[in-house]
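Structure record follows, encoded as structure tokens.
Numbered from 1 within each chain, the chains take letters A, B, ... in sequence-line order. As a basis for the values below, the full set of heavy atoms in this structure was taken, side chains included, without hydrogen atoms, waters or symmetry mates.
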Amino acid sequence: MAADTASVARALIGARLIRRLPGWEPDAGVALAGRIVETEAYLPLVDPACHGYRGPTKRNESIFSRPGFAYVYFIYGNHYCLNVTTEAPGIGGAVLIRAIEPSAGIECMRRRRGRHVPTAALGSGPGNLCRAMGIDLRCNGADFRCGDLVIRPSSGEPPATSMGPRIGLKVAARWPLRYFDAASSSVSPFRKSLTRRPPNADG
DNA sequence: AGCAAGATTAGC
DNA sequence: CTAATCTTGCTA
């Protein structure tokens with residue numbers, strides 16, 4: 001997981017995100033999982049859209065920790081967003097997980113998100129996937145290699161990955177640092193437009 | 001102490 | 001396209 005941030009964002013497509021619901025949650029102990037199908041890179045030092053760009057604060061502290069840990073923040077009064085840290089201690093950089101395709105614990109996710117939400121939509125969007133998996137500030141700083149929030153690198157063939165501009169930013173939005181699996185129905189159609197292949201992508 | 005902005009989402 | 005919703009961080 002220690003590699004440059006854009007590479008990590010790309011490599012995370014197809015990886016498995018596994019969440020073991022902790023004791024205080026409904027359905028405690030149940031394992032939820034999904035395949036990561038959309039990510040965004042937030043680069044160290046040079047990226048004005050990265051939360052680390054203006055230096056450490058109480059809120060963004062964990063983005064400066066070290067590679068492979070969770071940086072979770074609360075936004076717009078309603079939503080949590082989950083990031084994977086990517087850079088050496090003291091350097092702020094991370095990958096935002098924007099969408100997963102649910103693969104286990106689907107009924108638990110539906111209970112959290114809403115009775116009539118289609119499976120493909122359960123983990124579509126950074127706030128939605130956190131809601132579906134019970135991820136909040138208590139996950140901030142968690143180690144992705146062990147514990148209740150784990151990422152398992154994809155085994156087997158890497159999926160076809162596309163790239164495009166980032167979403168929802170006022171600065172540096174056009175940097176092509178969003179990666180996604182265009183074949184996944186958990187990535188909404190408008191996010192699939194304006195895409196190119198990543199420089200080293202195969203089919 | 002006040003204020004503006006924000007890596008979003010659901011609903012018209 | 002717009003409102004909702006509230007925490008954080010900056011400015012005075």
Touch class at under 4.0 angstrom, heavy-atom based, for Arg131(A) against every strand present: nothing
Counterpart base for dA7(B), defined by Watson-Crick or G-U wobble contacts under 3.5 Å: none
Leu96(A) side chain: which of dA4(C), dA7(B), dG6(B) is closest? dA7(B)
On the ring face of Phe144(A), is Arg152(A) found with NZ or CZ under 6.0 Å from the centre and within 45° of the axis? no
Between Arg166(A) and Asp47(A) (salt bridge meaning N to carboxylate O under 4.0 Å), is one present in this structure? yes
Quickly work out the Leu177(A) CG to dA7(B) C1' distance and round it to whole Å. 12 Å
Contact under 4.0 Å: Asn60(A) side-chain N or O vs dT8(C) OP1/OP2: no
May I ask you to say what Asn83(A) touches in the nucleic acid, namely base, sugar-phosphate or nothing, with a heavy-atom cut-off under 4.0 Å? base
Hey, is Tyr42(A) stacking on dA7(B)? Ring centres under 5.5 Å, planes under 30°. yes
Nearest-angstrom distance, P atom, dG2(B) to dT5(C): 22 Å
Give a yes/no on whether any side-chain N or O of Arg191(A) is located under 4.0 angstrom from OP1 or OP2 of dA7(B). no
Under 6.0 Å between ring centres, would you say that holds for Tyr71(A) and Phe69(A)? no
Separation of atom CG in Asn140(A) from atom P in dT7(C), rounded to whole Å: 16 Å
Within 6.0 angstrom of Arg112(A) CZ, more than 12 heavy atoms from elsewhere: yes
Paired with dC12(B) by Watson-Crick or G-U wobble geometry, both distances under 3.5 Å: which nucleotide is it? none
Rounding to a whole Å, what distance do you find between Asp136(A):CG and dT7(C):P? 14 Å
Gap between atoms CZ and P, on Arg54(A) and dT11(C) respectively (whole Å): 11 Å
Distance-only polar pair, side chains of Arg16(A) and Ser155(A), donor-acceptor under 3.5 Å: no
Whether Lys58(A) contacts dG9(C) is assessed here as follows: a side-chain N or O lying under 4.0 Å from the phosphate OP1 or OP2. Is that the case? no
Classify the side-chain pair Thr5(A)/Glu87(A) by whether it contains a donor and acceptor separated by less than 3.5 Å. yes
Nearest whole Å is fine: how far is dG6(B) P from Leu169(A) CG? 10 Å
Closest-nucleotide ordering on DNA chain C, the 5'-leading residue of His79(A) and Leu137(A): His79(A)
How many whole angstroms separate atom CZ of Arg166(A) from atom P of dT8(B)? 11 Å
Less than 4.0 angstrom between a side-chain N/O of His51(A) and OP1 or OP2 of dA7(B), yes or no? yes
Does Tyr76(A) make a side-chain donor-acceptor contact with the base of dA4(C), cut-off 3.5 Å? no
Starting at CZ of Phe74(A) and ending at P of dG9(C), how long is that distance when rounded to a whole Å? 14 Å
dT8(B) P sits how many Å from Ile75(A) CD1, rounded? 7 Å
When we call it a touch if two heavy atoms are under 4.0 Å apart, what does Arg98(A) touch: a base, just sugar-phosphate, or nothing? sugar-phosphate
When both hydrogen-bonding distances must be under 3.5 Å and the geometry is Watson-Crick or G-U wobble, what is dA12(C) paired with, if anything? none
